[in-house]
Undergrad: 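One structure, as structure tokens, below. Some questions next.
Just so you know, these numbers use all the heavy atoms, side chains as well, and skip hydrogens, waters and symmetry mates. All chains are named by letter (A, B, ...) in the order of the sequence lines, taking the proteins before the strands, and each is independently numbered beginning at 1.
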2 protein chains.
Amino acid sequence: MNRDFAGLLKEHGVQPSAQRAAVASYVLTTAEHPTAETVWSRVKKHFPMISRATVYNTLNLLTRKGLLRQFVLVDGKTVFDANVGNHHHFIDKKTGRIYDIPWDALEVSRLESLGRFEVSDYHVVVRGRLKSSARRRG
Amino acid sequence: MNRDFAGLLKEHGVQPSAQRAAVASYVLTTAEHPTAETVWSRVKKHFPMISRATVYNTLNLLTRKGLLRQFVLVDGKTVFDANVGNHHHFIDKKTGRIYDIPWDALEVSRLESLGRFEVSDYHVVVRGRLKSSARRRG
DNA sequence: CACGGGTTTAGAATTAGTCTAAGCATAGAT
DNA sequence: ATCTATGCTTAGACTAATTCTAAACCCGTG
């Protein structure tokens with residue numbers, strides 16, 4: 001868990017800094033699909049002086065460099081997802097929480113037949129509710 | 001094209017008014033997946049006094065009444081879609097424009113095997129580019 | 001130590017969307 | 001035609017999310 005985030009950033013063409021490492025160390029290891037504000041508040045606990053602009057800048061930078069993916073959830077908030085591999089999403093209608101669905105759990109067929117649309121990527125957004133039993137964080 | 005929008009609204013339990021009919025006549029007949037701001041600017045051409053709040057109120061009302069669907073596109077803007085039947089979406093990476101993909105054009109399988117996720121609806125978001133030939137508005 | 005490039009900062013600006021309070025419009029009763 | 005209750009519309013204030021700006025900072029190099 002205490003990885004060398006400075007080295008990781010450098011590997012991905014991001015010039016490291018204390019602030020960037022602090023953001024990375026949180027956002028690349030969480031599974032909670034945080035918003036930018038959530039990232040800011042979490043990082044501030046360990047790095048109280050960091051500014052909002054730096055958090056936004058860093059998140060956008062990490063996204064450009066492929067370390068992070070961002071997508072938009074139902075009520076217009078952008079969330080960040082360190083799972084940059086292909087996967088689908090499940091949105092709990094009740095809580096708005098987002099869960100990852102493994103890529104292989106679903107199959108989409110006939111993508112080759114989309115006529116004038118040239119597909120570069122796709123994912124399935126599933127909405128519904130969690131079965132009462134197996135509730136946990138995601 | 002010059003349908004009786006007042007009657008249509010009434011059929012769906014929306015008390016008609018000139019403003020609501022003006023919004024409906026645009027948003028229910030366009031295929032451009034407009035944002036609320038776009039709706040406002042389009043409607044203002046024919047109805048210059050309409051206020052922003054009325055546009056938002058009407059769009060949300062039409063959505064609640066099932067005449068319209070809203071979803072969120074990549075950069076955090078909510079767009080409206082008069083196609084309330086099931087369909088998928090294609091997003092042109094270059095222009096950000098959204099196109100509808102007919103429901104039957106794609107097939108998603110293994111949705112029954114999602115464990116703790118109880119599916120109520122789903123759709124596929126495809127991203128890519130339009131093949132250079134068949135470019136047209138959507 | 002001075003320089004320069006890139007980074008960070010606080011706060012201003014922008015943007016999307018909602019709220020508010022007052023004015024208006026309309027249907028139904030008279 | 002008038003009254004009234006209800007609900008609709010309005011302009012502008014407000015809020016929240018995000019980006020921009022301009023100054024300050026940091027750090028490796030000469």
Side-chain angles (χ1 to χ4, degrees), chain A residues 5-6 9-10 12-27 33-44 46-65 67-81 96 98, chain B residues 5-10 12-27 33-44 46-65 67-81 96 98:
Chain A
F5 288 101
L9 294 177
K10 207 176 287 185
H12 286 264
V14 176
Q15 184 165 318
S17 73
Q19 288 87 338
R20 288 174 176 177
V23 171
S25 76
Y26 164 66
V27 81
H33 297 88
T35 64
E37 283 295 308
T38 303
V39 175
W40 190 39
S41 71
R42 296 282 190 280
V43 172
K44 266 198 304 192
H46 302 290
F47 203 123
M49 298 309 300
I50 196 166
S51 88
R52 190 197 310 269
T54 298
V55 170
Y56 278 95
N57 289 340
T58 302
L59 291 172
N60 289 333
L61 182 58
L62 296 183
T63 303
R64 276 202 308 284
K65 296 300 187 177
L67 281 159
L68 210 53
R69 173 167 296 182
Q70 48 186 269
F71 59 98
V72 173
L73 82 101
V74 203
D75 50 339
K77 292 188 205 307
T78 299
V79 303
F80 295 87
D81 190 346
I98 299 167
Chain B
F5 288 101
L8 180 67
L9 293 177
K10 207 176 288 185
H12 286 264
V14 177
Q15 185 166 319
S17 72
Q19 289 86 339
R20 289 174 176 177
V23 171
S25 76
Y26 164 65
V27 80
H33 296 87
T35 63
E37 286 294 309
T38 302
V39 175
W40 190 36
S41 71
R42 296 282 190 281
V43 172
K44 264 199 303 195
H46 303 289
F47 204 124
M49 299 308 300
I50 197 165
S51 88
R52 189 199 311 270
T54 297
V55 171
Y56 277 94
N57 289 342
T58 303
L59 291 172
N60 289 333
L61 181 58
L62 295 183
T63 302
R64 277 202 307 283
K65 296 300 188 177
L67 282 159
L68 210 53
R69 174 167 296 182
Q70 50 186 270
F71 60 99
V72 173
L73 88 101
V74 204
D75 50 339
K77 292 186 205 308
T78 299
V79 303
F80 295 86
D81 190 345
I98 299 168

Undergrad: Measure the distance from CZ on Arg20(A) to C1' on dC25(D) and round it to the nearest whole Å.
TA: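 Whole-Å distance recorded here is 14 Å.
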
Undergrad: When the distance from CD of Gln70(B) to P of dA16(C) is rounded to whole Å, what number comes out?
TA: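 Spelled out: CD on Gln70(B) to P on dA16(C) is 15 Å.
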
Undergrad: Nearest-nucleotide wise, let me know which of Ala53(A) and Leu61(A) is further upstream toward the 5' end of DNA chain C.
TA: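 The 5'-side residue here is Leu61(A).
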
Undergrad: State which residue, out of Leu61(B), Asn57(B), Ile50(B), fulfils the side chain to side chain contact (heavy atoms under 4.5 Å, CB included) condition with Val23(B).
TA: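 Among the candidates, only Ile50(B) passes.
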
Undergrad: Write down the distance between CD1 (Ile50(B)) and P (dG12(D)), rounded to a whole number of angstrom.
TA: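 Checked: the CD1 to P distance equals 16 Å.
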
Undergrad: Side chain of Ser17(A): nearest nucleotide among dA16(C), dT10(D), dT7(C)?
TA: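 That would be dT7(C).
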
Undergrad: Asn57(A) CG to dC25(D) P: how many Å, rounded?
TA: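 To the nearest whole Å, that distance equals 19 Å.
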
Undergrad: Mind checking whether Phe71(B) and Ile98(B) have side chains closer than 4.5 Å, heavy atoms only?
TA: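 Side-chain contact under 4.5 Å: yes.
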
Undergrad: Just compare dA16(C), dA11(D), dT18(D) and give me whichever is closest to any side-chain atom of Glu37(A).
TA: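 Nearest to the side chain of Glu37(A) among the choices is dT18(D).
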
Undergrad: Quiz question: by atom type and distance under 3.5 Å, do the side chains of Thr38(A) and Ser41(A) form a donor-acceptor pair?
TA: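 No, no side-chain donor-acceptor contact under 3.5 Å.
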
Undergrad: Look at the side-chain N and O atoms of Thr78(A) and state whether any lies under 4.0 Å from the OP1 or OP2 oxygen of dT18(D).
TA: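 Yes.
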
Undergrad: Report yes if at least one side-chain N or O of Ser51(A) is closer than 4.0 Å to OP1 or OP2 of dT8(C); otherwise report no.
TA: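 The answer is no; no side-chain N or O of Ser51(A) sits under 4.0 Å from OP1 or OP2.
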
Undergrad: Whether Asn60(B) contacts dT18(C) is assessed here as follows: a side-chain N or O lying under 4.0 Å from the phosphate OP1 or OP2. Is that the case?
TA: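 So the side chain of Asn60(B) is within the cut-off, an N or O lying under 4.0 Å from OP1 or OP2 of dT18(C).
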
Undergrad: Check whether any side-chain nitrogen or oxygen of Gln15(B) sits under 4.0 Å from OP1 or OP2 of dA27(C), and answer yes or no.
TA: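 Looking at the OP1 and OP2 atoms of dA27(C), neither is under 4.0 Å from any side-chain N or O of Gln15(B).
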
Undergrad: NA contact type, Arg52(A), heavy-atom cut-off 4.0 Å: base, sugar-phosphate, or nothing?
TA: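 Answer is base: heavy atoms of Arg52(A) come under 4.0 Å of a base.
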
Undergrad: I need the CG-P distance between Leu62(A) and dT7(C), as an integer number of Å.
TA: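 Result: 12 Å.
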
Undergrad: What is the separation between atom CH2 on Trp40(B) and atom P on dT9(D), rounded to the nearest whole Å?
TA: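 It is 15 Å, rounded to the nearest whole Å.
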
Undergrad: With respect to the side chain of Ala36(A), which nucleotide from dT18(D), dT7(C), dT9(C) is positioned closest?
TA: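 Out of dT18(D), dT7(C), dT9(C), the nucleotide with an atom closest to Ala36(A)'s side chain is dT18(D).
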
Undergrad: Give a yes or no on whether the backbone of Gln15(A) and the side-chain of Arg20(A) come within a donor-acceptor separation of less than 3.5 Å.
TA: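 Indeed, once roles are kept as given, a pair shorter than 3.5 Å links the two residues.
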
Undergrad: Send over the distance from Leu9(B) CG to dG7(D) P, rounded to a whole Å.
TA: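 After rounding, the gap between these two atoms is 17 Å.
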
Undergrad: By the definition side chain to side chain contact (heavy atoms under 4.5 Å, CB included), identify the one residue from Val43(A), Val27(A), Val79(A), Asp81(A) that meets it with Pro34(A).
TA: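 It is Val27(A), the one option of Val43(A), Val27(A), Val79(A), Asp81(A) that forms the side chain to side chain contact (heavy atoms under 4.5 Å, CB included) with Pro34(A).
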
Undergrad: Determine: side-chain N/O of Tyr56(A) to OP1/OP2 of dT18(D), distance under 4.0 Å, yes or no.
TA: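 So the side chain of Tyr56(A) is within the cut-off, an N or O lying under 4.0 Å from OP1 or OP2 of dT18(D).
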
